[in-house]
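In what follows, a structure is listed as structure tokens, so that the remarks can point back to it.
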Number of protein chains: 2
Amino acid sequence: MPNNHFKRGELYNVINGMGTIAVARRMQKNFRNAGLEITIEQWSVLFHLWREDKLSQQELCNRTFRDKPSITRLIDNLEKLHLVKRIPSPTDRRINLITLTEAAQNLQQITIDIANQTMAEALVGVDKSEIEIVKNVFQRVYNNLTQVSGE
Amino acid sequence: MPNNHFKRGELYNVINGMGTIAVARRMQKNFRNAGLEITIEQWSVLFHLWREDKLSQQELCNRTFRDKPSITRLIDNLEKLHLVKRIPSPTDRRINLITLTEAAQNLQQITIDIANQTMAEALVGVDKSEIEIVKNVFQRVYNNLTQVSGE
DNA sequence: TGAAATTAGTTGCATAACTAACTATATGCC
DNA sequence: GGCATATAGTTAGTTATGCAACTAATTTCA
């Protein structure tokens with residue numbers, strides 16, 4: 001019957017629909033309300049640089065799951081905002097190392113607080129064990145689709 | 001300490017990162033490999049029309065969690081592909097009802113099969129109870145962010 | 001009835017995504 | 001050493017997303 005037929009298509013729309021979209025919009029809105037001009041995509045790049053500065057663009061691709069042109073343009077825009085700089089790698093002239101400016105360092109605390117607060121709003125009534133399961137499922141999905149047989 | 005500090009930001013990147021991106025890419029790739037020219041976003045609109053034809057654009061916004069301009073342009077593109085038509089509502093001249101063409105009807109079976117197969121690939125090693133939890137969590141997240149206090 | 005408010009849809013502008021094709025540098029190997 | 005191959009990053013073209021501002025039609029209600 002149709003209902004059964006639709007089940008997994010339905011699931012795709014769940015995973016890639018309401019939840020993720022709602023969280024992204026709220027996060028963006030909370031940034032804006034705090035007077036922050038950055039996009040959540042830009043923020044997710046900064047996030048990885050706060051953990052480890054001077055990553056190559058390729059490494060940022062790997063960590064943010066984006067392709068190279070996406071990172072090129074995100075870095076372009078972050079440079080325009082004076083939040084990062086491209087510096088040439090001393091050992092490989094193909095590579096740019098992306099480094100945070102002082103302005104970006106000042107954003108870490110406030111934006112991560114907002115991210116935490118946004119996720120807290122999002123996860124009201126969801127308990128820790130469920131969150132762990134969601135994380136595990138997404139990790140497995142990612143592995144399923146990017147291992148050997150995959151990409 | 002930093003590690004703890006990053007936890008929820010991390011979670012945001014999980015929900016809105018690897019899993020969803022990997023699934024979307026694979027789905028698009030599987031469509032392409034089957035010779036289908038539509039995008040997954042276009043497909044998600046058709047998906048709701050297969051369930052119920054002749055929805056207004058606003059209703060498609062609600063069901064796909066997109067805003068009105070997004071739907072306007074998706075419908076523009078689907079019209080160019082001769083997969084849907086705008087027909088004026090007989091009762092309210094502000095409203096367009098979106099209706100499937102025969103070409104779109106012929107896509108239902110094959111694309112939903114591909115969606116099912118893609119989700120099957122993605123969910124290897126994930127059991128049904130976990131999938132239920134993911135769906136529930138996303139539903140609650142969505143509700144948390146769109147109820148009263150929210151939007 | 002008629003003005004104000006609401007709702008449906010479109011347009012303009014900026015950011016971001018993917019693919020494919022490209023340049024430049026580095027590595028592998030004969 | 002030098003050619004083939006691989007890797008890092010950029011550019012071009014298409015689609016999609018969000019917000020803000022807009023037009024047109026409908027509803028509310030004084």
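A, B, ... follow the sequence lines: proteins, then strands. Residue 1 opens every chain. Treat the numbers as computed from the prediction; the structure is a model and nothing was measured. Just so it is clear, the values below take in all heavy atoms, side chains as well, and ignore hydrogens, waters and symmetry mates.
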Salt bridge (Lys or Arg N to Asp or Glu O under 4.0 Å) partners of residues 56-71 of chain B, not counting sequence neighbours, each pair once | B:E52-B:R63, B:E59-B:R63
Under 4.0 angstrom between A:R73 side-chain N/O and C:dT15 OP1 or OP2 = no
Taking atom P of C:dT15 as reference, at what distance in whole Å does atom CG of A:L78 sit?
-> 11 Å
Please determine, by modelled atom types, if B:N136 and A:E130 share a side-chain donor-acceptor pair under 3.5 angstrom.
-> no
Let me know the distance between CG of B:D76 and C1' of C:dT10, rounded to the nearest Å.
-> 9 Å
Base, sugar-phosphate alone, or nothing: which one does B:T72 contact when heavy atoms must sit under 4.0 Å apart?
-> base
Considering heavy-atom distances to DNA chain D, does A:L97 or A:R32 have its closest nucleotide positioned more toward the 5' end?
-> A:L97
Any donor and acceptor pair, going by atom type alone, linking the side chain of B:W43 with main-chain N or O of B:Q28 inside 3.5 Å?
-> no
Look at the side-chain N and O atoms of A:R93 and state whether any lies under 4.0 Å from the OP1 or OP2 oxygen of C:dT23.
-> no
Rounding to 0.5 Å, atoms NZ (A:K85) and OG1 (A:T101) come to a distance of 7.0 Å
In whole angstroms, how far is the P atom of C:dA16 from the CZ atom of A:R66?
-> 9 Å
Going from CG on A:L145 to CZ on A:R140, what distance comes out if it is rounded to the nearest 0.5 angstrom?
-> 13.0 Å
Expected rows: protein N/O vs nucleotides 2-8 of chain C N/O, under 3.5 Å:
{"unit_1": "C:dT7", "atom_1": "O2", "unit_2": "B:R94", "atom_2": "NH1", "d": "3.0"}
{"unit_1": "C:dA8", "atom_1": "N7", "unit_2": "B:K68", "atom_2": "NZ", "d": "3.4"}

A:Q42 pairs by side-chain contact (heavy atoms from CB on, under 4.5 Å) with which of A:I40, A:L46, A:T39, A:V45?
-> A:T39
Distance-only polar pair, side chains of A:Q117 and A:D113, donor-acceptor under 3.5 Å | no
Length of the CZ-C1' vector between A:F65 and C:dC18, whole Å = 17 Å
Rounded to whole Å, the CG-C1' distance (B:D67 to C:dA14) equals 14 Å
Do B:I75 and B:L60 have side-chain heavy atoms sitting under 4.5 Å apart?
-> yes
Starting from P on C:dC18, measure out to CD on B:Q42 and report it in whole angstrom.
-> 16 Å
B:I40 CD1 to C:dT19 P, in whole Å, measures 10 Å
Let me know the distance between CD of A:E37 and C1' of C:dA14, rounded to the nearest Å.
-> 12 Å
With nearest nucleotides of DNA chain D determined for A:I71 and A:I21 from heavy-atom distances, which residue corresponds to the more 5′ nucleotide?
-> A:I71
Could you tell me whether a side-chain N or O of B:E79 sits under 3.5 Å from a main-chain N or O of B:R86, the two making a donor and an acceptor?
-> yes
Under a 4.0 Å heavy-atom criterion, DNA chain D is touched by chain B from D:dT15 to D:dT26
